[in-house]
Amino acid sequence: MPVPDPTIRVRIAPSPTGPLHIGTARTALFNYLYARHVGGTFILRLEDTDVARSTPENERDILEGLDWLGITWDEGPDPAGGRDRGPFAPYRQMQRLDAYREATDRLLGADAAYPCYCTPAELDADRKAQEAAKEPPRYVGRCARLSPADRAEREARGLRGAIRFRVRPGVVGWTDLIRDRIEIDTANLGGDFVIVRADGTPLYHFVVVVDDAAMEISHVIRGEDHVSNTPKHILLFEALGHPIPQFGHLPLILNPDGTKMSKRKSQTAVDDYRAQGFIREGLVNYFSYLGWSPGTEEDVLSLEDVVERFDIGKVQKGGARFNRERLEWLNGQWIRRLEPDDLVNRLRPYLEAAAADGRIDRVPSDEELGALLPVIQERLPTLGAIVDLVGFLWVERLEVDPAVLVPKRWDPATTRDGLAAAREVIAAHDAVTWEADELEPPLRELVEARGWKAGDLFMAIRVATTGRTATPPLFDTLVALGRERTLARLDTAIEVLGGPIPT
RNA sequence: GCCCUCAUCGUCUAGAGGCCUAGGACGCCACCCUUUCAAGGUGGAGAUCAGGGGUUCGAAUCCCCUUGGGGGCACCA
């Protein structure tokens, strides 16, 4: 553990306008990694000023999701639903309106901001005209020079102005933690921007600065999509008289086609991945390597390992495309590393879900599952894959396609004979000694005696008992299936192929 | 349209002037193991370091231009 450094304070500021997004999780992770690596403080703040789109469900989803990933925060809302924790509570913006009101008054008093009475229609017309003239959209400044009398007149008419921040001319620059020096002329900011809506609710660019200042955030680490907004924030920090934090802009996570990750083209909700059985270790490991690498040839690292190695200076500048194959591979690596009891516990919800929607008829006991682990653990890219892999063990009526029942080199008659003979051999075993290494030798003897190939007979038995051509090792599978069901399924298959051989 | 920004195998990346005839991982292809499928092992294909100019004894690494990509320009966050 590094020596605690109280001067380093970073934050993730999600907006509860949707469920936890992969991009948010990745940004949270990098902030967490930075904080933990240097001994700083990691803060979570909910940016819920978009009242129309924010919901308590999304809020819960975000807190719960980050907590599940192991990205824990030192200050912020309590994931369990208790009071906000930390010296700067509350950490929800709708509960911090007084602070914004105070800041607004100061700005207004200093004439750094002014009320704007332009209607949406006027603004829209301005924008259309600019578009037609091939000019960049910007606020034309219609209300920038209103006299106190003009304002009083409008207020008297019952008009409520939005508050705009005066953008001063000049160049604003900063030294980005990830991309070095960036300078932007304020002429390109789109004119004076709104910081408070006409209805009195404050807007993002404003609250983010007021809160970062109030919460003494030292390093603002966020997505690259905020680079162009940073000058607005710096201007606001200046106007409010607060020290300007360091900024670091992370590369974006991209759709496979290289565009900014979107719901249209990719699965973006952490929940979706969780529902499929991606585990936190795999997800965190994968996210860590999206835009960062330790510079070594290691690739399977735990969260703690990454914290130890993290270096924000090593963060990539270009965007990283999301690659599901690699995620699955890493997830499989982590599933293989889980302790048996842990794996059983993590698998259960997926089996319960499968039972609930009828993909399987019953949920196996922990003992059953535990016994199966040695043959399934290395075959699971995700926890949810267990249903496809061995769901046939827990269904009452197995659907078997007669066409696949017959091995490639065999014909239906041979298959029927083979299965019937195998049934005899298997039935000769009593239930007490029903074990994998006892089942195999007599079947191999049978194959030998008949001049068959072991693979053909085994494949016929496999399909007859599981309905699939790809399964975990056959004899372990039959043991898991149990003697009665094995024999019953063989009988059914023999029936399908024309019934028992008449003697 | 304007501003910002990025640019190494299909993908994620190593690479901070000579260690690079560019390394690793995923994916792909073989082979080994093997009753199928995985896992594992071994090997292979795959990048004239976007292109062009410089600087330098020497450039993937520094500078410029071009091209291509991405992001931003709301009374969204």
Side-chain angles (χ1 to χ4, degrees), chain A residues 13-18 47-50 52-54 116 118-120 123-124 127 130-131 133-139 161-164 176 179 182-185 187-191 193-199 201-205 207-208 223-231 249 251-252 254 256 258-260 286 289-300 313-314 316-330 332 336 375-381 389 407 440 443-444 447 453-459 461-463 466 468-475 477:
Chain A
S15 177
T17 52
E47 309 224 320
D48 54 359
T49 57
D50 186 347
R53 294 192 299 150
S54 296
C116 167
C118 294
T119 64
L123 262 12
D124 200 46
R127 200 164 306 128
Q130 287 158 344
E131 204 173 305
K134 298 225 181 273
E135 284 168 10
R138 73 192 324 271
Y139 177 58
I163 308 296
R164 279 185 193 271
D176 198 273
R179 38 200 88 212
I182 298 178
E183 294 189 336
I184 296 176
D185 192 319
N188 297 310
L189 260 29
F193 57 91
V194 176
I195 56 174
V196 181
R197 292 182 181 90
D199 70 5
T201 54
L203 254 14
Y204 170 74
H205 293 308
V207 292
V208 76
E224 189 191 344
D225 47 348
H226 284 294
V227 169
S228 306
N229 294 327
T230 302
H249 290 91
L252 260 23
L254 275 17
T259 53
K260 182 181 180 179
Y286 181 69
Y289 276 78
L290 277 180
W292 175 85
S293 112
T296 62
E297 289 184 354
E298 305 165 294
D299 39 35
V300 182
K314 282 188 154 176
Q316 203 80 12
K317 295 191 191 78
R321 297 175 199 226
F322 191 84
N323 183 294
R324 190 184 166 101
E325 272 79 47
R326 196 179 160 82
L327 204 210
E328 283 191 7
W329 175 78
L330 267 175
R336 267 165 246 148
V375 294
I376 63 171
Q377 190 157 10
E378 69 198 29
R379 280 168 242 265
L380 293 173
L389 185 65
E440 186 168 351
L443 284 167
R444 288 207 181 265
V447 163
K453 290 208 177 247
D456 292 330
L457 206 227
F458 293 174
M459 183 53 85
I461 298 172
R462 171 176 292 111
V463 176
T466 69
R468 330 186 97 251
T469 55
T471 67
L474 180 60
F475 303 102
T477 304

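Within every chain, numbering begins at 1; the chains are lettered A, B, ... in the order of the sequence lines, protein sequences first and strands thereafter.
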_If I compare all heavy atoms of A/Arg462 with all of A/Arg468, which pair ends up nearest, and what's the gap?_
CG-O, 3.3 Å
*Between B/G24 and B/C65, how far apart are the P atoms? Round to whole Å, please.*
36 Å
_Watson-Crick or G-U wobble mate for B/C26, both contacts under 3.5 Å_ = B/G10
*With a non-hydrogen cut-off below 4.0 angstrom, is A/Leu252 in contact with a base, only sugar-phosphate, or nothing?*
sugar-phosphate
*Span that lies between the P atom of B/G44 and that of B/U35, in whole angstrom*: 28 Å
*Assign A/Leu474 to base, sugar-phosphate, or nothing according to its heavy-atom contacts below 4.0 angstrom with the strands shown.*
base
_Separation between the C1' atoms of B/G18 and B/A59, rounded to whole Å_ = 9 Å
_Euclidean distance for P, B/G54 against B/G17 (whole angstrom)_ = 23 Å
*Are side-chain N/O atoms of A/Thr201 and A/Arg197 paired as donor and acceptor at under 3.5 Å?*
yes
*Heavy atoms only: give me the nearest A/Gly291-A/Pro251 pair and the separation to one decimal.*
CA-CG, 4.2 Å
*Using the P atom as the reference point in each nucleotide, state the distance between B/U21 and B/C28 in Å, no decimals.*
31 Å
*asked:* I want to confirm an ordering. Mapping A/Val227 and A/Gly295 to their closest nucleotides on RNA chain B, which one lands closer to the 5' end?
replied: A/Val227
*Write down the atom of A/Ile184, the atom of A/Ser228, and the distance for their closest heavy-atom approach.*
CD1-CA, 4.4 Å
*asked:* List the residues meeting side chain to side chain contact (heavy atoms under 4.5 Å, CB included) with A/Val196, not counting sequence neighbours, and say none if there are none.
replied: A/Thr104, A/Ile163, A/Phe206
*asked:* Restricting to non-hydrogen atoms, name the atom on A/Arg138 and the atom on A/Gln130 that form the minimum distance, rounded to 0.1 Å.
replied: O-NE2, 2.8 Å
*When you match A/His205 and A/Ser228 each to their closest nucleotide on RNA chain B, which lands nearer the 5' end?*
A/Ser228
*What distance, rounded to whole Å, do you find between the two P atoms, one in B/G69 and one in B/U8?*
15 Å
*Tell me, please, which residues at least two apart from A/Leu327 pass side chain to side chain contact (heavy atoms under 4.5 Å, CB included).*
A/Tyr273, A/Phe278, A/Leu283, A/Tyr286, A/Phe322
_Span of RNA chain B, from the first to the last nucleotide whose atoms fall under 4.0 Å of chain A heavy atoms_ = B/G1 to B/A77
_Distance between C1' atoms of B/A47 and B/U11 (Å, rounded)_ = 13 Å
*Inter-nucleotide P distance (B/U48, B/G43), Å rounded*: 25 Å
